[in-house]
Amino acid sequence: MSEIAAKAPTRTRRRPFVSRLVPYLLLQALIVIATILGLRLLQPSDPEDFALSGFSLREDGTTRAVTLPHFTSSRYSLADPPLYAGTFTFRSGDAGWSVFLPRFSNAVEVAVNGVVVLDSRRDANANRQDRNTPQIAAIPSSLLHDGSNAITVRLFVWGPLKGFLDTVYVGPDAALRPAFETRTLLFVTLPVVFSAWQSILAVILAIMWLMRRHEPVYAVLAVAMVLGVVQAFVSPPVPPATPSRLAAVLLASAPTESALIVVFSVLFFGWRWPRYGALLFAPGLIVFVVGLIAGPPLPRILFLVLGIPTVGVCLLLMACVTAAAVVRRQDAASFTIGCAVTIVLTCWVHDMLSVFEIMPNERTFLSRLSYSAMLVAIGAGLTWRFARALNQVDSFAGQLVARVREAEERLKASFAREEARARAAALANERTRLMRDLHDGLGGQLISIVALSERGQEGATITDAARAALKDLRLVIDSMDDIGGDLMLALGSWRERAAMQLRPHDIALDWRVATPQGLPLHPELRPWHVIQIVRILDEAVTNAVKHAAARHIAVTIETHDDGQGPYGVISIADDGKGFALADEGMSQTARGLRNMRSRAARCGALLDLTSDASGVRVRLQLPQVFPDSDAAAG
């Protein structure tokens with residue numbers, strides 16, 4: 001039972017693996033069939049009316065009749081190149097004849113009636129076997145004559161592959177030119193375009209890698225693309241020029257590029273590169289080292305034996321890697337790359353069948369073209385993925401900004417609620433202070449009036465108590481006015497009340513504002529501050545009236561600034577007889593002075609009192625900032 005239980009999950013895992021792999025392989029088989037059909041259907045058509053297929057071939061000292069297209073048995077035949085000889089018929093009156101060769105390897109020399117009209121060795125890009133570069137040459141009319149004309153094609157081969165000559169076309173240039181231009185577009189212009197895209201994408205990928213060093217996949221693909229660009233734009237030396245070390249680099253670049261693509265696929269799909277994977281670079285390294293040391297033809301033979309199979313092996317490995325990635329990831333990227341690899345692998349098999357003459361009439365190499373297209377597609381896909389990642393980062397940043405704004409709004413709302421609660425608490429405290437002040441002042445006086453009435457007191461005593469209560473009530477009401485932090489407004493009201501109080505006693509009030517601006521503004525000033533200050537001033541004036549027998553009271557208001565900010569000073573001086581400060585604890589005046597100091601301390605103010613025979617002087621120094629709470633309380 002335990003063995004059955006242990007095997008059950010394995011079978012469960014295999015089922016989705018098979019269910020995903022089989023449809024993918026069937027789809028790749030359809031892609032192979034579609035690629036083969038596409039290669040046949042998209043073959044460029046040539047003007048068959050002007051085809052020359054019957055030639056005699058002189059090779060290795062013998063002459064025999066052959067039919068084009070034809071593979072020779074010659075390799076490295078620069079000393080004694082094969083010579084194809086044939087004839088064509090020219091009709092007088094037809095102007096502008098040309099000779100058109102769709103495919104050949106490696107180079108050709110075409111002569112009409114013994115005069116050379118085309119030598120492809122002058123065009124280095126046309127002499128590479130992996131290219132399908134066509135050639136066309138105009139035949140001077142002076143060389144043509146009515147009837148039969150002789151044409152010879154000398155085939156130069158300097159590679160390990162056999163020489164090949166496709167059907168030769170001779171006829172009016174207007175009839176041959178369209179086929180030539182079509183082949184030029186497919187096999188000359190299009191590879192250049194792909195190579196240009198590769199070079200641009202290589203630069204972009206290199207920049208992306210410099211910005212994201214932790215993702216070597218960009219660097220690997222960039223290096224592979226650079227190698228492909230080098231192969232495309234750098235032409236190997238054409239004999240009889242001496243092969244240089246550059247030829248070794250070009251021969252080694254193809255297997256090295258293929259190995260880099262395998263590395264890219266492994267890294268792209270998030271797998272670990274195996275240690276033995278470095279063996280993929282061995283063929284390219286061997287070809288390169290042998291190319292540097294030995295002369296031709298050994299590097300070319302090694303490339304044929306090691307390089308080309310390495311390309312096929314790498315394509316097979318990449319097909320396996322992408323198939324595994326499709327089964328595991330089930331995403332569009334792995335699926336797209338897998339289909340592209342299948343197309344390139346099909347083209348590579350097609351080229352190999354042509355090289356080994358299994359498909360002799362299909363001597364068109366398509367591996368390089370499809371391989372470049374695959375690299376461009378992969379590079380474009382990576383760039384798109386990078387751009388999508390940047391968009392995701394921008395979107396994430398936008399979400400963060402929105403969330404920060406939401407947090408700011410919530411914080412502002414919280415601050416507003418907290419401020420409202422603080423304001424409500426301040427109002428409650430203010431109310432409590434006013435109630436306490438009313439209880440201590442007006443309440444006490446009303447109780448005194450009630451007590452006097454109950455004891456049967458009449459006359460001036462009750463009247464004075466009632467006036468004192470009324471005065472205290474007016475003081476509280478005046479303090480409740482909104483004075484905007486300007487204490488001068490409250491002092492102006494107090495001045496009127498003080499003048500009315502002093503007038504019955506025939507005491508003059510001298511009011512003087514020493515500084516033009518009066519007292520500094522205090523935005524934090526509250527009504528209970530005003531009450532304490534006004535009561536201090538009231539107490540000073542009342543003492544002067546009741547105890548000092550003064551005839552003149554001077555009130556001075558001024559602002560001082562000792563470098564730490566302005567502060568106000570209110571001074572009250574009378575010309576009475578004064579009193580002894582040492583006895584203040586024994587008199588009614590002493591209790592009043594203690595109350596004055598207590599009120600000053602609650603407001604954060606400093607009270608200074610001096611007395612001598614010339615009178616009493618009270619100096620009240622206001623704080624620079626009034627306290628929000630009762631400073632005396634704590």
Validation row: [X], [Y] side chains within 4.5 angstrom (heavy atoms):
X: R64; Y: E59; value: yes
X: M318; Y: L345; value: no
X: Y24; Y: T322; value: yes
X: L306; Y: P255; value: no
X: F288; Y: L292; value: yes
X: L118; Y: L101; value: yes
X: V321; Y: S265; value: yes
X: V108; Y: Y84; value: no

Quick check: closest heavy atoms across [X] and [Y], and the distance to 0.1 Å?
X: N149; Y: G147; answer: ND2-O, 2.9 Å
X: V170; Y: V99; answer: CG2-CG2, 3.9 Å
X: G228; Y: Q198; answer: CA-NE2, 3.9 Å
X: F50; Y: A175; answer: CE1-CB, 3.6 Å
X: F269; Y: S334; answer: CE2-CB, 3.4 Å
X: V234; Y: L250; answer: O-CD1, 3.7 Å

Strictly distance-based, threshold 3.5 Å: is any side-chain N or O of [X] a donor or acceptor partner for the main-chain N or O of [Y]?
X: S395; Y: N391; answer: no
X: D166; Y: F104; answer: no
X: T346; Y: V32; answer: no
X: T67; Y: S53; answer: no

Are more than 12 heavy atoms from other residues, nucleotides or ligands located less than 6.0 Å from atom CZ of R177?
->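 Counting neighbours around CZ of R177, more than 12 heavy atoms of other residues, nucleotides or ligands fall under 6.0 Å, so yes.
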Count the heavy atoms belonging to other residues, nucleotides or ligands that lie under 6.0 Å from CZ of F356, then report whether that count exceeds 12.
->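 Atom CZ in F356 is not packed in, count stays at 12 or less.
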Can you give each donor-acceptor pair under 3.5 Å made by side-chain atoms of residues 185-195, sequence neighbours left out, with the distance rounded to 0.1 Å?
residue: S195; atom: OG; partner: P191; partner atom: O; Å: 2.8

Decide whether a cation-pi geometry holds between R212 and W209; the criteria are a distance under 6.0 Å from NZ or CZ to the six-membered ring centre and an angle within 45° of the ring axis.
->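 Here R212 fails the 6.0 Å and 45° test against W209.
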Quick one: do V168 and V110 satisfy side-chain contact (heavy atoms from CB on, under 4.5 Å)? Show the steps, please.
-> CA-CA 10 Å; V168 176; V110 180; over 6 Å; no
Trace of the side-chain contact (heavy atoms from CB on, under 4.5 Å) decision for F264 with L375 | CA-CA 11 Å; F264 157 78; L375 289 183; over 6 Å; no
[atom1]/[X] to [atom2]/[Y] distance, rounded to the nearest 0.5 angstrom?
X: M225; Y: L201; atom1: CE; atom2: CG; answer: 5.0 Å
X: F281; Y: S258; atom1: CZ; atom2: OG; answer: 10.0 Å
X: R121; Y: N106; atom1: CZ; atom2: CG; answer: 11.5 Å
X: F90; Y: L143; atom1: CZ; atom2: CG; answer: 10.5 Å
X: E109; Y: L83; atom1: CD; atom2: CG; answer: 9.0 Å
X: L221; Y: E257; atom1: CG; atom2: CD; answer: 9.5 Å

Just by distance, with hydrogens left out, do T342 and Q28 show a side-chain donor and acceptor under 3.5 Å apart?
-> yes
Candidates T167, N132, T364 - the one meeting side-chain hydrogen bond (donor to acceptor under 3.5 Å, both in side chains) with R103 =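 Testing each of T167, N132, T364 against R103, the sole residue satisfying side-chain hydrogen bond (donor to acceptor under 3.5 Å, both in side chains) is T364.
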Given side-chain contact (heavy atoms from CB on, under 4.5 Å), test N113 with H145 step by step and report yes or no.
-> CA-CA 9 Å; N113 295 325; H145 49 79; 3.7 Å; yes
Note: R183-D46 ion pair, threshold 4.0 Å (strictly below) = yes
F180 vs F100 aromatic rings, parallel, tilted or perpendicular, using cut-offs 30° and 60°?
->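 Rings of F180 and F100: perpendicular, as their planes differ by over 60°.
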Would the H70 and F55 ring centres measure less than 6.0 Å apart?
->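 Not close enough - the centres of the two rings lie 6.0 Å or further apart.
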Starting from the C-alpha separation in whole Å, work towards a yes-or-no answer on side-chain contact (heavy atoms from CB on, under 4.5 Å) for Y218 and I204.
-> CA-CA 9 Å; Y218 296 112; I204 294 174; over 6 Å; no
Where do S120 and Q135 land on the side-chain hydrogen bond (donor to acceptor under 3.5 Å, both in side chains) test, with the steps shown first?
-> CA-CA 7 Å; S120 69; Q135 289 288 312; 5.8 Å; no
